[in-house]
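All values reported here derive from a predicted model rather than from experimental measurement. Note that these values count all heavy atoms, side chains included, but never hydrogens, waters or copies made by symmetry.
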Amino acid sequence: MEASTSQLAVSSGTAMFMLLTGIIVVAVLIGAFAWGRWIRARELPPPRPDEQPHLPPEGAVHEIREYREPEEMPHSDSRLLPHELKNSSTHRSPSQEPPAEDDGDGSSFGSGGLGS
């Protein structure tokens, strides 16, 4: 059989099913679009320019960088249990100089060193 002479046949029941399925899909899509527009209409409008946040009178707030040290672990003769420890906190370091690297060897992966 040649392709030009053969006919593709679809039964009338299958054709009707495909038509109804297409109509249902289009109806669901139109309904979803209408429902989305209805929900959007109920939302608050975007703020007006005078309702936008403004800088404080003293100007922009800048980042503060400081070096901090952990609190000392309490020393005792007996073993401390977790509920006896206080929360871990830090305090401002007396020296605000960056900590010096002793060996100059980075410890991160791919630092380029030979490894230890």
Problem set entry | With sequence neighbours excluded, residues passing salt bridge (Lys or Arg N to Asp or Glu O under 4.0 Å) with Arg65 | Glu63
Exercise. With sequence neighbours left out, what residues match Arg79 under salt bridge (Lys or Arg N to Asp or Glu O under 4.0 Å)?
Worked result: none
Could you pull out the closest heavy-atom pair between [X] and [Y], with the gap in Å?
X	Y	answer
Glu69	Ser93	OE2-OG, 3.2 Å
Pro56	Val61	CG-CG2, 4.4 Å
His91	Pro70	CE1-O, 3.7 Å

For this session: State the CH2-CD1 distance between Trp35 and Ile39, to the nearest 0.5 angstrom.
Result: 5.0 Å
Would you say [X] has more than 12 foreign heavy atoms packed within less than 6.0 Å of its [atom1]?
X	atom1	value
Arg37	CZ	no
Asp50	CG	yes
Gln96	CD	yes

For this session: With sequence neighbours left out, write down each residue that passes side chain to side chain contact (heavy atoms under 4.5 Å, CB included) with Pro47, or none if nothing qualifies.
Result: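 Side chain to side chain contact (heavy atoms under 4.5 Å, CB included) list for Pro47, sorted by chain: Glu51, Gln52.
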Problem set entry | Candidate list Ile24, Leu29, Ile30, test side chain to side chain contact (heavy atoms under 4.5 Å, CB included), partner Val26, passing option |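 Exactly one option meets the side chain to side chain contact (heavy atoms under 4.5 Å, CB included) with Val26, and it is Ile30.
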